[in-house]
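Reviewing the structure listed below.
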Amino acid sequence: MRLIVGLGNPGTEYEWSRHNLGFMLIDKLAGDLQVKVGRQECQALVGRCEIEGCAVKLVKPQTYMNLSGDSVACLLRRHKLSGAGENLLVISDDLALPFGKIRIRAHGSAGGHNGLRSIIEAVGTNEFIRLRIGIQPEHPINDTRRFVLDSFPRAERPEVERLLGMGAEALRTILRDGALKAMTIYN
């Protein structure tokens with residue numbers, strides 16, 4: 001069993017926000033597989049499926065971004081998934097990565113992302129796979145918090161859809177061929 005956790009904030013007001021790309025990618029995978037991500041478990045919405053021959057739980061923590069680790073740690077304990085490592089894949093936005101790019105890492109720091117920081121603190125390791133989706137603007141911003149919580153403009157939504165498709169394929173590659181192979185293809 002593997003957990004694929006998309007980071008985001010619950011509520012319709014955040015549905016198209018840049019900070020919700022993790023939720024959006026979980027919804028894309030669920031839609032492609034015709035799986036419902038709606039069962040409540042460990043303060044998260046969860047759906048079970050199989051991707052590339054792997055048993056997977058698609059997870060959308062409902063704790064808000066800064067407390068995502070509480071939900072993830074609970075799920076790891078509940079399903080007796082020791083540590084995180086290959087059992088945990090986390091999808092997040094990345095303000096330091098240009099919009100339109102994705103980056104896969106097998107481990108690393110939170111990089112200033114509060115959701116990743118929460119998970120690292122709650123599970124006690126930074127050794128888990130993460131797929132980061134770039135949201136960096138082409139221009140300087142004054143208010144980072146407002147920027148990440150703002151919705152994507154309608155003009156950028158086709159690019160968001162393209163990114164979600166690429167992210168879904170990258171996750172399939174990770175599950176099928178491993179993180180290192182996926183990094184050589186997508187980074």
Side-chain angles (χ1 to χ4, degrees), residues 1-8 18-33 35 37 42 44 46-61 65 68-69 71-136 160 162-187:
M1 170 70 64
R2 289 187 171 184
L3 301 180
I4 300 180
V5 178
L7 297 182
R18 293 174 179 92
H19 226 19
N20 268 36
L21 279 167
F23 277 15
M24 290 180 207
L25 186 46
I26 291 294
D27 290 340
K28 164 82 173 130
L29 287 167
D32 290 351
L33 297 165
V35 173
V37 179
C42 288
V46 178
R48 188 180 175 118
C49 62
E50 188 173 299
I51 303 174
E52 296 294 331
C54 296
V56 168
K57 284 208 174 198
L58 301 175
V59 179
K60 292 169 47 175
M65 187 68 72
S68 299
S71 178
V72 172
C74 175
L75 286 164
L76 286 170
R77 282 190 308 273
R78 176 168 285 176
H79 296 289
K80 297 176 177 59
L81 299 172
S82 59
E86 293 286 319
N87 297 322
L88 177 62
L89 290 84
V90 177
I91 307 158
S92 69
D93 59 288
D94 188 340
L95 191 55
L97 189 62
F99 179 61
K101 303 286 184 188
I102 64 171
R103 177 139 315 130
I104 300 163
R105 293 282 185 252
H107 56 84
S109 73
H113 194 285
N114 290 333
L116 289 172
R117 179 178 300 117
S118 174
I119 293 171
I120 290 167
E121 289 172 1
V123 303
T125 184
N126 67 356
E127 298 288 327
F128 57 86
I129 299 168
R130 69 265 336 255
L131 186 148
R132 292 181 160 186
I133 305 172
I135 61 169
Q136 182 183 63
V160 171
R162 184 194 70 77
L163 265 172
L164 295 175
M166 184 170 47
E169 189 52 44
L171 286 169
R172 288 184 191 95
T173 302
I174 292 167
L175 293 171
R176 182 180 58 243
D177 302 323
L180 291 178
K181 174 78 172 191
M183 289 186 328
T184 62
I185 295 169
Y186 293 97
N187 288 1

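In this chain, residues are counted from 1 in sequence order. Atom set for the values below is all heavy atoms of this structure, side chains included, hydrogens, waters and symmetry mates excluded.
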Separation between [atom1] of [X] and [atom2] of [Y], rounded to the nearest 0.5 Å:
X	Y	atom1	atom2	value
Leu81	Leu3	CG	CG	5.5 Å
Ile129	Ile91	CD1	CD1	11.5 Å
Leu163	Leu21	CG	CG	7.0 Å
Phe128	Leu89	CZ	CG	10.0 Å
Ile26	Asn20	CD1	CG	12.0 Å
Leu131	Leu25	CG	CG	6.5 Å

Set of residues satisfying side-chain contact (heavy atoms from CB on, under 4.5 Å) with respect to Cys49, sequence neighbours excluded: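 Listed in chain order: Leu33, Val35, Ile51, Val56, Leu58.
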Closest approach of [X] and [Y], non-hydrogen atoms and distance?
X	Y	result
Asn126	Gly108	CB-O, 3.0 Å
Leu75	Ala44	CD1-CB, 4.3 Å
Ala170	Ala182	O-CB, 4.2 Å
Ala30	Val37	CB-CG2, 3.7 Å
Ser118	Gly69	OG-N, 2.8 Å

Looking at residues at least two apart in the chain, or sitting in another chain, which of them share a salt bridge (charged side-chain N to carboxylate O under 4.0 Å, His left out) with [X]?
X	value
Arg130	none
Glu52	Arg176
Asp93	none
Arg103	none

[Y] and [X], any side-chain heavy atoms less than 4.5 Å apart:
X	Y	answer
Val5	Leu88	yes
Leu171	Ile174	yes
Arg105	Arg132	no
Ile185	Asp177	no

Salt bridge (Lys or Arg N to Asp or Glu O under 4.0 Å): pairs with one or both residues in residues 20-31, sequence neighbours excluded: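 The answer is Asp27-Lys60, Lys28-Asp32.
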Looking at [Y], is its backbone amide N or carbonyl O close enough to the side chain of [X] to form a donor-acceptor pair, meaning the two atoms are under 3.5 Å apart?
X	Y	value
His113	Gly115	yes
Asp94	Gly134	no
Ser71	Ser68	no
Thr173	Glu169	yes

Passing option when Val90 is tested against Ile120, Leu116, Ile4, Val59 for side-chain contact (heavy atoms from CB on, under 4.5 Å):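 Looking at Ile120, Leu116, Ile4, Val59, the match for Val90 under the side-chain contact (heavy atoms from CB on, under 4.5 Å) is Leu116.
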A quick test of your reading: do over 12 heavy atoms of other residues, nucleotides or ligands sit less than 6.0 Å from CZ of Arg48?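 Atom CZ in Arg48 is not packed in, count stays at 12 or less.
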